Amino acid sequence: MRKIWIRILIVYIVYILFWLTEYPYLYWNTYLCRLWEWIDPAYLLVFFVVGIICCVWVGRQSIREFSGNIFSRESGIVLTINVVYALLVLEIGSLLGNYEINWAGVVYQSILCLICVGFTEEWIFRGFMVTQLNRVLKSKKAVVLVSSALFAMMHLPTYFRWVIGPVSLGAVSARLLVPFLMGIVYSLIFMWKKNLFTLIVIHGVYDLIAEIAFDQWYYIAYAIYWVMMIIYVIYCYRTRVESADAPGCCTYETGRI
């Protein structure tokens, strides 16, 4: 048990240190940005350094444990619904804002949000963290809360780097609240469905909305998406995978929280 906690701590510390040290250089270095073009250099290195070296080698976790049953009829439906919703957000936003859609920019942001951000963060925080915590914590509620707290705290380095003006406790709390709630939703889905692909799609589209929705439509689009996520969480609970022999990371008896 102690070894597992050490693995979790190592992965998390390396992740945080990476964003504290390499983040500004990788994003502000114009040569690197032009070299990678459509691929986010920071998230690419995070995936290989933290995701592969730390999670797989140091964390002793197999590739199969991360993914679960990736491709299924349900994951295809989730992908289709999210693509349709993203397109609707684009079209409605262009009508309300009376602007023309930059499709090249949309494709670029989609690649960054889905492949770079969504894939990397879900691989590490659900695929690894939830899997490892499930082995050392008897309570499933504790697994969800601890993994969600770690996910929320991970967002603080970037917040402090970009914040303008004095930092208040209320602003920091508000910054932590949204990713904490996201962590709860994503952890529940992963524990109940054992499918990382759906989380990559959901997480990626969630981040993509910030790039394609503007003004008041931004808040409306996010409110609708939160309702969609809550509905999907309820669906996941009712159709949860309960077999301990099912492929994936979290093997437990009932899967109940």
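When a residue number appears, it is its place in the shown sequence, counting from 1. Predicted, not measured: the structure shown is a model, and the values here were computed from it.
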Atom pair [atom1]/[atom2] of [X] and [Y] - distance to nearest 0.5 Å:
X: I212; Y: S110; atom1: CD1; atom2: OG; value: 7.0 Å
X: C116; Y: L44; atom1: SG; atom2: CG; value: 7.0 Å
X: F125; Y: H203; atom1: CZ; atom2: NE2; value: 9.5 Å
X: I209; Y: W217; atom1: CD1; atom2: CH2; value: 9.0 Å
X: L150; Y: S187; atom1: CG; atom2: OG; value: 9.5 Å
X: I10; Y: W5; atom1: CD1; atom2: CH2; value: 14.0 Å

For the pair Y186 (side chain) and L181 (backbone), establish whether a donor and an acceptor sit closer than 3.5 Å, ignoring hydrogens and angles.
no

Check whether Q132 reaches the backbone of G127 with its side chain - one donor and one acceptor, N or O, closer than 3.5 Å.
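The answer is no, because no donor-acceptor pair under 3.5 Å joins these two groups.
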
What pairs with F48 under ring-ring contact (aromatic ring centres under 6.0 Å, His included), at least two apart in sequence or on another chain?
none

E121 and Y15: CA distance, side-chain angles, deciding distance, side-chain contact (heavy atoms from CB on, under 4.5 Å) verdict:
CA-CA 10 Å; E121 292 188 4; Y15 193 101; 3.7 Å; yes

Check whether any side-chain heavy atom of [X] lies under 4.5 Å from a side-chain heavy atom of [Y], and answer yes or no.
X: L176; Y: H155; value: no
X: Y12; Y: M153; value: yes
X: V56; Y: F128; value: no
X: N195; Y: S72; value: yes
X: K3; Y: R60; value: no
X: V11; Y: M129; value: yes
X: V50; Y: T120; value: no

Do [X] and [Y] belong to the same hydrophobic cluster, where Ile, Leu, Val, Met, Phe, Trp and Tyr are linked whenever their side-chain heavy atoms lie under 4.5 Å apart, directly or via other members?
X: F18; Y: W57; answer: yes
X: V58; Y: M1; answer: yes
X: Y219; Y: M182; answer: yes
X: Y218; Y: F214; answer: no

Test side-chain hydrogen bond (donor to acceptor under 3.5 Å, both in side chains) applied to S75 and T198, step by step:
CA-CA 5 Å; S75 61; T198 56; over 6 Å; no

Of all residues at least two apart in sequence or in a different chain, which pass the salt bridge (charged side-chain N to carboxylate O under 4.0 Å, His left out) check with E122?
R126

For residues [X] and [Y], report the shortest heavy-atom separation together with the two atoms involved.
X: V233; Y: V185; result: CG2-CG1, 3.5 Å
X: I184; Y: S148; result: N-OG, 2.9 Å
X: F190; Y: L196; result: CE1-CD1, 4.0 Å
X: M154; Y: I16; result: CA-CD1, 3.8 Å
X: K140; Y: N134; result: NZ-OD1, 2.7 Å
X: L114; Y: G204; result: CD2-CA, 3.7 Å

Y237 six-ring face occupied by R240 cation (under 6.0 Å, within 45°):
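Pair R240/Y237 counts as cation-pi.
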
Would [X] and [Y] count as a close aromatic pair, with their ring centres under 6.0 Å?
X: F119; Y: Y43; result: no
X: F47; Y: W123; result: yes
X: Y222; Y: Y206; result: yes

If hydrophobic residues (ILVMFWY) are linked whenever their side-chain heavy atoms come closer than 4.5 Å, directly or via other members, who joins I230 in its cluster?
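Members other than I230 - counting any ILVMFWY side chain reachable under 4.5 Å - are I234.
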
By side chain to side chain donor-acceptor pair (under 3.5 Å) - contacts of Y225 (at least two apart)
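Y225 satisfies side chain to side chain donor-acceptor pair (under 3.5 Å) with N82 once adjacent residues are dropped.
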
Check against side-chain contact (heavy atoms from CB on, under 4.5 Å), F197 and V78
CA-CA 9 Å; F197 179 78; V78 170; over 6 Å; no

Which pairs of donor and acceptor atoms, one on a side chain in residues 87-105, lie under 3.5 Å apart (sequence neighbours left out)?
| unit_1 | atom_1 | unit_2 | atom_2 | d |
| --- | --- | --- | --- | --- |
| S94 | OG | L90 | O | 3.4 |
| S94 | OG | E91 | O | 2.7 |
| N102 | OD1 | A104 | N | 3.4 |
| N102 | OD1 | G105 | N | 3.3 |

Show every salt bridge (charged side-chain N to carboxylate O under 4.0 Å, His left out) that has at least one partner inside residues 70-79, sequence neighbours left out.
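Only E74-K193 qualify under salt bridge (charged side-chain N to carboxylate O under 4.0 Å, His left out).
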
